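The structure displayed is predicted, hence computed values, not measured ones. What's counted below: heavy atoms across the whole structure, side chains too, no hydrogens, waters or symmetry copies. Protein chains get the first letters and strands the later ones, always in sequence-line order, with residue 1 at the start of each.
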There are 2 protein chains.
Amino acid sequence: MIFQGDCLLELKKIDNESVDLVYLDPPFFTQKKHSLKTRDNSREYSFEDTWVNIESYKNYIQERLVECKRVIKDTGSIFLHCDRTASHYLRVALDDVFSASNFQGEIVWAYKRWSNSKKGLLNSHQIIYFYSKTANFKFNKVFEGYSPTTNIDQIFQKRVRDENGKTTYKREQTGEYELTKQKMGVPLSDVWEIPYLNPKANERVGYPTQKPIILLEKIIELTTNKDDVVLDPFCGSGTTLVAATLLGRKYIGIDISIDAIELTKRRLAKPIKSHSLLLKNGKDSYLNQDKKILEILETIEAIPVQRNRGIDGFLKIRNIVKPVPIRIQRESESLDNAKDFLLRARKKSGFKFAVLIRTNSRVEETLFDLPKINEDNLLIAEGIEAFSKIKVRLESLI
Amino acid sequence: MIFQGDCLLELKKIDNESVDLVYLDPPFFTQKKHSLKTRDNSREYSFEDTWVNIESYKNYIQERLVECKRVIKDTGSIFLHCDRTASHYLRVALDDVFSASNFQGEIVWAYKRWSNSKKGLLNSHQIIYFYSKTANFKFNKVFEGYSPTTNIDQIFQKRVRDENGKTTYKREQTGEYELTKQKMGVPLSDVWEIPYLNPKANERVGYPTQKPIILLEKIIELTTNKDDVVLDPFCGSGTTLVAATLLGRKYIGIDISIDAIELTKRRLAKPIKSHSLLLKNGKDSYLNQDKKILEILETIEAIPVQRNRGIDGFLKIRNIVKPVPIRIQRESESLDNAKDFLLRARKKSGFKFAVLIRTNSRVEETLFDLPKINEDNLLIAEGIEAFSKIKVRLESLI
DNA sequence: TCCAGAGATGAATCCACCC
DNA sequence: GGGGTGGATTCATCTCTGG
């Protein structure tokens with residue numbers, strides 16, 4: 001079900017204790033107008049965050065939280081996605097409405113992000129507060145794998161305390177370790193690394209503050225079962241509802257904007273979910289470079305590049321990365337082939353110079369030879385040692 | 001300089017605007033007594049966190065923050081290490097004293113930790129608030145490497161906005177991309193993954209809530225230079241002062257406990273810092289399993305083990321890990337050798353059964369053969385397909 | 001029914017020792 | 001002596017029991 005209108009009014013139409021999970025991503029207290037155009041510029045979504053002060057913002061949220069509490073079942077939970085400038089006030093509101101004793105956790109959604117050049121730390125996380133209505137809340141335990149450093153052999157062993165209260169491993173009379181029967185894995189942490197919705201992801205519908213579906217799926221799976229009811233009073237582009245549908249949950253969505261409601265309906269008719277290769281395979285799968293290549297890059301102090309065809313790394317001079325792509329000739333590769341690859345990469349992205357490092361060179365160089373630049377602006381290092389001269393030469397060129 | 005006493009009084013003895021950085025790790029609002037014995041049971045450190053209510057706790061902190069603000073230079077900063085149950089009130093206090101406009105960031109210290117069996121998410125982060133005294137605060141920019149998934153090729157390209165306000169990459173008249181001259185790397189994120197101070201670390205001094213030195217070093221390096229003054233009004237075991245010393249900063253430490261002061265002095269005389277291999281080399285360095293072995297483990301749904309000799313993985317049945325070690329016979333390895341390795345591992349840790357998977361077996365099995373258990377309680381699977389029968393058999397045995 | 005205190009928990013990871 | 005691995009130790013814990 002989807003309702004259009006101010007959620008304070010719309011929530012009043014919902015029965016007491018009829019909802020299992022509420023997820024809220026309320027407007028932020030930024031005192032700015034947000035807007036974003038769709039990719040083809042056909043449509044513009046916007047909303048205003050305007051409150052006279054932080055107290056009125058807190059009140060605005062709090063009176064809506066009261067209604068949320070009313071509609072949540074005794075086994076239900078609420079997740080509040082917070083604005084970083086006002087998260088503390090939102091949590092005070094949650095304490096007021098749901099009581100501090102029902103605080104179940106502070107979830108950190110961490111991601112990598114395009115950087116800006118502001119003074120200070122690069123903001124790369126958001127906070128989601130998790131409160132339950134009662135102590136008897138529904139919670140599906142989720143387990144993850146062990147850290148590679150864990151001594152799994154050992155964690156099966158039972159323990160006892162000695163007279164000082166220190167624990168030791170329990171042994172049977174035979175001297176053998178006493179073992180537990182099974183292990184479930186590591187309980188889900190409250191720090192979630194989920195890639196920020198890529199600006200080009202199919203999932204994107206051009207709505208500001210859109211959240212990744214997997215973030216919502218994770219929340220829904222933790223605290224609801226099939227056919228449970230999920231409510232989002234600020235449903236925006238409808239991510240929560242889409243995630244609920246994909247997981248076989250029922251949903252109620254509310255938003256004040258007619259545009260948002262229409263968008264949500266369109267989205268629900270044809271849900272798209274990006275498959276993040278990064279999440280599926282882990283960061284390591286991108287580390288497909290030969291160990292040898294990486295070692296060479298390290299010795300010449302270049303930074304490795306994992307995903308640009310034809311390029312193995314970029315030049316670094318005194319810890320500053322320069323726009324000079326580097327390729328290391330493969331053993332199985334002819335010089336011309338290597339040049340070709342590199343040249344194409346250089347031209348594609350408009351780099352002025354590029355360096356090719358030969359690893360099977362038979363050419364002898366003397367200390368006095370100057371590095372040569374060929375007609376395609378490639379500098380060819382006859383071996384790794386020859387690279388340092390090239391570095392010096394390049395410094396004067398770029 | 002180290003002072004013993006309530007920091008509210010001791011702070012009053014410090015001159016106006018004489019400190020560059022304040023780091024506070026005040027007692028938490030846990031309403032409990034915390035204590036920990038040193039490893040040799042020679043000494044016990046403890047403190048109590050008891051306030052009548054959250055308001056009195058907030059006031060307690062706030063009046064100390066006012067003194068902190070007074071002693072901080074105009075270019076100085078303050079970092080407040082927060083309690084999970086009261087962080088929102090602490091931030092309100094910071095807003096009150098330092099003003100919301102001087103909020104510079106919310107740092108997430110994320111770590112992995114031994115778990116416990118609680119309902120809900122495993123708490124594995126702590127929050128540190130970063131406020132400056134004025135907009136003109138000292139900040140040393142720190143850069144990190146690019147993520148392996150970054151398209152480094154592209155970030156050199158300059159951008160312009162088109163008539164619709166969309167950004168596109170800038171091209172020169174020739175059609176070539178226009179490039180920037182250099183890149184520094186990625187600005188330091190506000191999510192810091194630093195291993196929790198390990199129970200076995202030599203750095204540990206037996207004081208409850210002791211923080212890792214590198215956490216403090218990171219903070220000190222961000223906002224101070226050499227010979228600057230670092231102040232910790234709740235210095236506890238003195239980690240902040242140790243970090244300051246190691247980085248050539250001056251320090252002022254205050255603590256109410258005489259024990260803590262003595263410990264701090266001893267520690268400063270002989271600072272010990274654990275060097276974390278995990279941090280230095282990254283988690284990946286522990287992943288030493290063969291790709292082929294990993295693939296086999298994946299097909300039989302076992303969990304891989306990275307650091308136990310003779311064992312490649314553990315049995316998993318319906319997502320539950322069982323105390324049954326598994327080894328996959330290497331190509332270069334005789335059956336007897338493989339058996340030997342596995343048997344030794346089985347006995348060492350007291351496992352009742354173990355499974356060896358042959359990958360070069362010539363033995364033909366029929367569907368009707370029951371898996372055999374040899375005299376050493378090893379079950380030998382003649383190939384990967386044969387494993388499923390063993391799984392069924394084991395389920396009745398364990 | 002609630003609170004205090006005892007007892008059980010469980011994986012991370014540094015250290016020390018081994019080869 | 002250097003790399004690898006067995007072992008120790010912890011909890012700003014968590015749960016359960018009993019008065």
**Q** Got a sec, which residues hit side-chain hydrogen bond (donor to acceptor under 3.5 Å, both in side chains) with B/Asp95, two or more places apart in sequence or on another chain?
**A**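 For B/Asp95 the side-chain hydrogen bond (donor to acceptor under 3.5 Å, both in side chains) partners, ignoring immediate neighbours, are A/His88, B/Tyr131.
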**Q** Counting heavy atoms from C-beta on, name the nucleotide in D/dG7, D/dC14, C/dA12 closest to the side chain of B/Lys112.
**A**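 Selected nucleotide: C/dA12.
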**Q** Rounded off to whole Å, could you give me the NZ-to-P distance for the B/Lys119 and D/dT15 pair?
**A**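 Rounded to whole Å, this separation is 9 Å.
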**Q** Please say whether the positively charged group of B/Lys119, taken as NZ for Lys or CZ for Arg, lies over the ring of A/Phe137, i.e. under 6.0 angstrom from the six-membered ring centre and within 45 degrees of the axis.
**A**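 Geometry flag: set, cation within 6.0 Å and 45°.
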**Q** Tell me, please, which residues at least two apart from B/Glu55 pass salt bridge (Lys or Arg N to Asp or Glu O under 4.0 Å).
**A**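 Salt bridge (Lys or Arg N to Asp or Glu O under 4.0 Å) list for B/Glu55, sorted by chain: empty.
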**Q** List for me each residue that meets side-chain hydrogen bond (donor to acceptor under 3.5 Å, both in side chains) alongside B/Ser274, sequence neighbours excluded, and say none if there are none.
**A**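 Applying side-chain hydrogen bond (donor to acceptor under 3.5 Å, both in side chains) to B/Ser274 gives none.
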**Q** With the side chain of B/Arg113 defined as its heavy atoms from C-beta on, choose the nearest nucleotide among D/dA12, D/dT15, D/dT13.
**A**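 For the B/Arg113 side chain, the nearest candidate turns out to be D/dA12.
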**Q** Distance between the P atoms of D/dA8 and D/dA12, in whole angstroms?
**A**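 Result for the P pair: 22 Å, nearest Å.
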**Q** Could you state the atom-to-atom distance from NZ of A/Lys158 to C1' of D/dT9 in whole Å?
**A**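 Distance, rounded to whole Å: 20 Å.
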**Q** Atom CG of B/Leu122 to atom C1' of D/dC14: distance rounded to whole Å?
**A**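 B/Leu122 atom CG is separated from D/dC14 atom C1' by 11 Å.
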**Q** Not counting sequence neighbours, which residues clear salt bridge (Lys or Arg N to Asp or Glu O under 4.0 Å) with B/Arg327? List them please.
**A**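 Partners of B/Arg327 by the salt bridge (Lys or Arg N to Asp or Glu O under 4.0 Å) criterion, ordered by chain and then number, come out as B/Glu333.
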**Q** Stacking between B/Phe28 and the base of D/dA12 (centre distance under 5.5 Å, interplanar angle under 30°)?
**A**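 Yes; by the centre-distance and plane-angle rule, B/Phe28 counts as stacking on D/dA12.
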**Q** How long is the line joining CG of A/Leu179 and P of C/dA11, in whole Å?
**A**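 It is 14 Å, rounded to the nearest whole Å.
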**Q** My understanding is that only residues two or more places apart in sequence, or in another chain, count here; which of them pass salt bridge (Lys or Arg N to Asp or Glu O under 4.0 Å) with B/Asp96?
**A**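 By the salt bridge (Lys or Arg N to Asp or Glu O under 4.0 Å) rule, B/Asp96 matches B/Lys58.
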**Q** Quick one: list whatever passes side-chain hydrogen bond (donor to acceptor under 3.5 Å, both in side chains) with A/Thr180, sequence neighbours left out.
**A**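 Applying side-chain hydrogen bond (donor to acceptor under 3.5 Å, both in side chains) to A/Thr180 gives none.
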**Q** Hey, which of these two, B/Arg84 or A/Tyr169, hits DNA chain D nearer its 5' end, going by closest nucleotide?
**A**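 The answer here is A/Tyr169.
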**Q** What is the distance from CD1 of A/Ile155 to P of D/dC11, rounded to the nearest Å?
**A**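 To the nearest whole Å, that distance equals 20 Å.
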**Q** Closest-nucleotide mapping onto DNA chain D: is B/Gln306 or B/Pro26 further toward the 5' terminus? I mean the 5' end.
**A**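 Comparing both residues, the 5'-ward one is B/Gln306.
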**Q** For B/Lys273, which residues count as a salt bridge (Lys or Arg N to Asp or Glu O under 4.0 Å) partner, sequence neighbours excluded?
**A**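 B/Lys273 satisfies salt bridge (Lys or Arg N to Asp or Glu O under 4.0 Å) with B/Glu217 once adjacent residues are dropped.
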**Q** Between the base of D/dG6 and the side chain of B/Asn308, is there a donor-acceptor distance below 3.5 Å?
**A**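 Answer is no: no donor-acceptor pair is held.
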**Q** So what's the dot-bracket for DNA chain D: Watson-Crick or G-U pairs under 3.5 Å, [ ] if a pair crosses, | if it pairs off-strand?
**A** .||||||||||.|||||||
**Q** Which residues satisfy the side chain to side chain contact (heavy atoms under 4.5 Å, CB included) test with B/Glu10, sequence neighbours excluded?
**A**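 Applying side chain to side chain contact (heavy atoms under 4.5 Å, CB included) to B/Glu10 gives B/Phe3, B/Lys13, B/Ile254.
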**Q** Flag the pair B/Arg346 and B/Asp376 as a salt bridge only when some basic side-chain nitrogen lies within less than 4.0 angstrom of an acidic carboxylate oxygen.
**A**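 Salt bridge flag = no for B/Asp376 with B/Arg346.
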**Q** What integer distance in Å separates A/Gln157:CD from D/dT9:C1'?
**A**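 Going from CD in A/Gln157 over to C1' in D/dT9 covers 14 Å.
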**Q** Rounding to a whole Å, what distance do you find between A/Met184:CE and C/dA11:P?
**A**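 So the CE-P distance, A/Met184 to C/dA11, works out to 11 Å.
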**Q** For D/dT13 and D/dT9, measure between their P atoms and round to the nearest Å.
**A**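 Straight-line distance between the two P atoms is 22 Å.
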**Q** Identify whether any heavy atom of B/Gly310 sits under 4.0 Å from a base atom; if not, whether one sits that close to sugar-phosphate; answer base, sugar-phosphate or nothing.
**A**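 If one applies the 4.0 Å heavy-atom cut-off, B/Gly310 turns out to touch nothing in the nucleic acid.
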**Q** Aromatic ring centroids of A/Phe156 and B/Phe314 under 6.0 Å?
**A**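 A/Phe156 vs B/Phe314: aromatic centres under 6.0 Å.
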**Q** Atom CD1 of A/Ile152 and atom P of C/dA11: how far apart are they, to the nearest Å?
**A**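 One finds 9 Å between P of C/dA11 and CD1 of A/Ile152, rounded.
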**Q** Does B/Tyr111 contact C/dT13 through a side-chain donor or acceptor facing the base, at a distance under 3.5 Å?
**A**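 No, the side chain and the base share no sub-3.5 Å donor-acceptor pair.
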**Q** Take nucleotides 14-19 of chain C nucleotide by nucleotide from the 5' end and write B, S or -, depending on whether a protein heavy atom sits under 4.0 Å from the base, only from the sugar-phosphate, or from neither.
**A** BS----
**Q** Parallel, tilted or perpendicular: which describes the rings of A/Phe130 and A/Phe79, with under 30° parallel and over 60° perpendicular?
**A**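 Correct class here is parallel.
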**Q** With the criterion being N/O to N/O and under 3.5 Å, what pairs connect the protein with nucleotides 3-5 of chain C, and how long is each?
**A**
none

**Q** Can a donor-acceptor pair under 3.5 Å be found between the side-chain atoms of A/Gln154 and the base atoms of D/dA8?
**A**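 Pair found.
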**Q** Taking only the side-chain nitrogens and oxygens of B/Arg344, find out if one of them lies under 4.0 Å from OP1 or OP2 of D/dG6.
**A**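 No, outside the criterion.
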**Q** What residues, two or more places apart in sequence or in another chain, satisfy side chain to side chain contact (heavy atoms under 4.5 Å, CB included) together with B/Glu298?
**A**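 Counting only residues at least two positions away or on another chain, B/Glu298 forms no side chain to side chain contact (heavy atoms under 4.5 Å, CB included).
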